[in-house]
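These notes concern the structure reproduced below.
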Amino acid sequence: MFCILDALASVGRDWEMLHGTQPKPPVFEPALLTLDGKPYNDINGRRITPDGRLKDFGQPDLVIIPDLHFAPNTPLPDDFAKLAPWLVQAHAGGAMVTSVCSGALLLAATGLLNGLEATSHWSFCDVIAQRFPEIRMQRERILIPAGEGHRIVTAGGASAWGDLVLYLVGRIAGHEEARRIAKVYLLQPHSEGQLHYASLLAGAQHEDGLVAEAQVWAADNYALASPVAAMAERCGLTERSLLRRFRKATGQTPVDYIQTLRIEEAKQMLETTDMPIEEIADEVGYTETSSFRNAFRRYVGMPASMYRKKRLSLIPILSNELVS
């Protein structure tokens, strides 16, 4: 949250300061506002003093909903839900309304995203899709401008605030200012998307006991040649009946769920073993390596070989952090 405020406030100022030139008039006048404007403790116990109350600042040009700290499968907290009418009014008055990470759930509750594409942190995408089926969630995307005039923008995971800031600065202050802010803050867009960070099994909880038992069984048997047929037989259902019931409970088809189990296990094996990709494909249930490679790219957003290389490149960094 404060990174966003600081970056926007520095447009036309910090680059000039670093280069000994005259600062420009401010482009953004960011403020942290709440419903009551009173100091509060954040989730880590820090005392935060807002700049004021929402109603005291008039019609905004830009609204940014930051990441909100609550579990994906819990109802939207009342304190957040109360903001929805104000957000609708601000957008109707001409404001661009944006969200970062889990903030998309609050934005979804306003109805402003209905009929549009949107993104959020990977752990919230399935929850939003299930609660608000009118929204076309794109869990692989980092940044999605949408709606008339692109006045609604959603950004993915928490660190996607940098992508949002660069987009907003480029759109409002120009590409040169965005380039400068990127250099000052060492920001780099997540051009590869966010799928390779995601846990594919993060999704909405449900109360269908039969489907839950099927999921537990699938976790141990996903590598079988025909796991969906076996799952349906075990549940005493036809495959078509299982599909309808499974999709209603989880938002996924049984086939998709088996695929996510296989790909998630493959990700773990790529991270922790030296097994050739061909052997990993066979181990998780693919008879054709080409089918595994295609599925991995579709679900993770990059080839399996690139995923392994990216994850291995983190090991020296993490090791240095642990010993320093």
Side-chain angles (χ1 to χ4, degrees), residues 1-34 37 39-40 42 44 46-68 86-87 90-91 93-104 107 119 121 141-194 197 317 320-321 324:
M1 175 176 63
F2 288 106
C3 291
I4 297 173
L5 296 173
D6 290 343
L8 293 178
S10 70
V11 176
R13 182 193 68 194
D14 288 10
W15 177 270
E16 287 71 14
M17 176 189 68
L18 294 173
H19 290 80
T21 60
Q22 193 70 20
K24 301 172 185 176
V27 177
F28 299 91
E29 296 180 358
L32 172 60
L33 305 177
T34 62
Y40 65 93
D42 70 9
N44 296 312
R46 299 185 185 91
R47 192 66 170 168
I48 307 297
T49 302
D51 295 304
R53 298 185 300 176
L54 289 167
K55 67 178 184 180
D56 293 337
F57 275 71
Q59 170 63 36
D61 298 311
L62 171 65
V63 177
I64 301 176
I65 307 169
D67 57 299
L68 310 174
W86 183 89
L87 290 167
H91 183 262
M96 187 190 314
V97 179
T98 71
S99 67
V100 178
C101 192
S102 55
L107 187 52
T119 190
H121 188 274
R141 301 274 295 278
I142 285 290
L143 193 75
I144 300 182
E148 183 180 355
H150 284 176
R151 290 196 299 114
I152 297 178
V153 186
T154 53
S159 65
W161 70 265
D163 299 78
L164 178 62
V165 162
L166 293 180
Y167 172 83
L168 294 174
V169 173
R171 177 169 169 174
I172 296 170
H175 295 302
E176 179 61 22
E177 291 294 349
R179 186 182 68 83
R180 291 177 173 182
I181 289 298
K183 289 188 173 184
V184 170
Y185 283 85
L186 307 183
L187 296 177
Q188 183 174 356
H190 295 84
S191 58
E192 296 169 338
Q194 64 176 346
Y197 296 103
I317 298 174
N320 290 337
E321 289 177 350
S324 62

Check whether any side-chain N or O of [X] sits under 3.5 Å from a backbone N or O of [Y] as a donor-acceptor pair, and report yes or no.
{"X": "R151", "Y": "V97", "answer": "no"}
{"X": "S102", "Y": "L68", "answer": "yes"}
{"X": "T154", "Y": "A104", "answer": "no"}

Just verifying a value: how many Å separate [X] [atom1] and [Y] [atom2], rounded to the nearest 0.5 Å?
{"X": "T98", "Y": "L107", "atom1": "OG1", "atom2": "CG", "answer": "8.5 Å"}
{"X": "T34", "Y": "D51", "atom1": "OG1", "atom2": "CG", "answer": "9.5 Å"}
{"X": "L18", "Y": "W15", "atom1": "CG", "atom2": "CH2", "answer": "8.0 Å"}
{"X": "L33", "Y": "F57", "atom1": "CG", "atom2": "CZ", "answer": "5.0 Å"}
{"X": "H150", "Y": "R171", "atom1": "NE2", "atom2": "CZ", "answer": "7.5 Å"}
{"X": "L62", "Y": "F28", "atom1": "CG", "atom2": "CZ", "answer": "7.0 Å"}

Which atom of [X] lies closest to which atom of [Y], heavy atoms considered:
{"X": "H91", "Y": "I152", "value": "NE2-CG1, 3.7 Å"}
{"X": "V153", "Y": "M96", "value": "CG2-SD, 4.2 Å"}
{"X": "A178", "Y": "L166", "value": "O-CD2, 3.5 Å"}
{"X": "A90", "Y": "P60", "value": "CB-CG, 4.0 Å"}

Original post:
Can you name the one residue among I4, D163, I64 that meets side chain to side chain contact (heavy atoms under 4.5 Å, CB included) with L168?
Top reply: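 Considering I4, D163, I64, a side chain to side chain contact (heavy atoms under 4.5 Å, CB included) with L168 is found only for I64.
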
Under 3.5 Å donor-acceptor pairs involving side-chain atoms of residues 180-187, not counting sequence neighbours:
residue, atom, partner, partner atom, Å
R180, NE, E176, OE2, 3.3
R180, NH1, E16, OE2, 3.3
Y185, OH, D6, O, 3.1
Y185, OH, S10, OG, 3.4

Original post:
Hey, mind stepping through I142 and Y167 against side chain to side chain contact (heavy atoms under 4.5 Å, CB included) and telling me if it holds?
Top reply: CA-CA 11 Å; I142 285 290; Y167 172 83; over 6 Å; no

**OP:** For atom CD of Q59, decide whether the heavy atoms of other residues, nucleotides or ligands shown that lie under 6.0 angstrom number more than 12.
**Re:**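 Yes, enclosed.
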
Subject >> Worked verdict on T119 versus L143 for side chain to side chain contact (heavy atoms under 4.5 Å, CB included) >> reply: CA-CA 7 Å; T119 190; L143 193 75; 6.0 Å; no

Subject >> Stepwise side chain to side chain contact (heavy atoms under 4.5 Å, CB included) test for I48 and L32 >> reply: CA-CA 10 Å; I48 307 297; L32 172 60; 3.6 Å; yes

**OP:** Kindly indicate whether the side chain of L5, heavy atoms from C-beta on, has any atom under 4.5 Å from the side chain of F2.
**Re:**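 Yes, close enough: below the 4.5 Å cut-off.
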
Original post:
Does a side-chain heavy-atom distance below 4.5 Å link W161 with C101?
Top reply: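 Side-chain contact under 4.5 Å: no.
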
